[in-house]
*Asks:* 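I am attaching a structure below and will ask some questions about it afterwards.
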Amino acid sequence: SYFLVLPIIRDNFKDKGVFIFTIIFWLSPTRLFNTGFLWEPAYIFLPAALHLYSAYNMKDEKSFLYSFLHIFSLFVALQIHNSVLILFLISVYLLISKKIKVDIKGILIGSFIGLLFFIPLLTDIINNNLPEPMVSSGYLGKGLVEVLPLLKGFLYFVKLSAFDMVRA
């Protein structure tokens, strides 16, 4: 994911921007903490970087490949974590404001390939084989609507960057 974003940073911010991005990315407390154990947000970096990379390359002209990668990154992120909602909203904004130019064939084929990954889920739904859902007080987009989850996320970021993370 780092190497996908690197050319974009270099094009826009030159070598000093690459240096700052490298420090922020590699020393990010969230990335360091999440790489220590298997947890969904630890794997969202690659689809998010692919999303940025494809959107950046679609800013000037339509491209089948980048349109395919853009929608495919959303389907991959959808399987990993609910934070795909942020990537989806960014994509909608970029489309509405005409900041990116998409190729319809790339979007359709990328959507078709992305939907293939959901065949096991669909067969489980048809066969009524899904496990009972766990009761949760949360809902999709809770962090965008309520203030407390946003504050909690910020406090986690501060806590993760504290010295006790180094000890762990």
*Asks:* Below 6.0 angstrom between ring centroids: does that apply to Y56 and Y66?
*Replies:* no

*Asks:* Would you check if Y93 and K99 make a side-chain contact, meaning some heavy-atom pair closer than 4.5 Å?
*Replies:* yes

*Asks:* Does the pair F88 and L78 meet the rule for a side chain to side chain contact (heavy atoms under 4.5 Å, CB included), with working shown?
*Replies:* CA-CA 10 Å; F88 177 75; L78 179 62; over 6 Å; no

*Asks:* Taking all non-hydrogen atoms of both residues, which atom of S111 and which atom of I71 are closest, and how far apart?
*Replies:* OG-CG1, 3.4 Å

*Asks:* Which heavy atom in I107 sits nearest to a heavy atom in S67, and how many Å separate them?
*Replies:* CD1-O, 3.7 Å

*Asks:* If you measure from CD1 on I100 to NZ on K62, what distance do you get to the nearest 0.5 Å?
*Replies:* 12.0 Å

*Asks:* To the nearest 0.5 Å, what is the distance between NZ (K59) and NZ (K101)?
*Replies:* 9.0 Å

*Asks:* What are the two closest non-hydrogen atoms of L87 and A77, and how far apart are they?
*Replies:* CD1-CB, 4.0 Å

*Asks:* For residues L121 and L130, determine if any side-chain heavy atom of one lies less than 4.5 Å from a side-chain heavy atom of the other.
*Replies:* yes

*Asks:* Enter the distance from L52:CG to N57:CG here, rounded to the nearest 0.5 Å.
*Replies:* 9.0 Å

*Asks:* If you measure from CD1 on I109 to CG on L65, what distance do you get to the nearest 0.5 Å?
*Replies:* 11.5 Å

*Asks:* Quick one: CZ on F64 to CD1 on I104, what's the gap to the nearest 0.5 Å?
*Replies:* 12.0 Å

*Asks:* With a 3.5 Å cut-off and no angle check, do the side chains of H70 and S54 form a donor-acceptor pair?
*Replies:* yes

*Asks:* Looking at I8 and Y53, what are the two nearest heavy atoms and their distance?
*Replies:* CD1-CA, 3.6 Å

*Asks:* For the residue pair H81 and I44, what are the closest heavy atoms and their distance?
*Replies:* CB-CD1, 4.2 Å

*Asks:* To the nearest 0.5 Å, what is the distance between CZ (F72) and CZ (F117)?
*Replies:* 4.0 Å

*Asks:* Would a single hydrophobic cluster contain both L115 and I126, if residues Ile, Leu, Val, Met, Phe, Trp and Tyr are joined by side-chain heavy-atom contacts under 4.5 Å?
*Replies:* no

*Asks:* Quick one: do L74 and S91 satisfy side chain to side chain contact (heavy atoms under 4.5 Å, CB included)? Show the steps, please.
*Replies:* CA-CA 9 Å; L74 290 174; S91 294; 3.9 Å; yes

*Asks:* CZ of F118: more than 12 outside heavy atoms within 6.0 angstrom?
*Replies:* yes

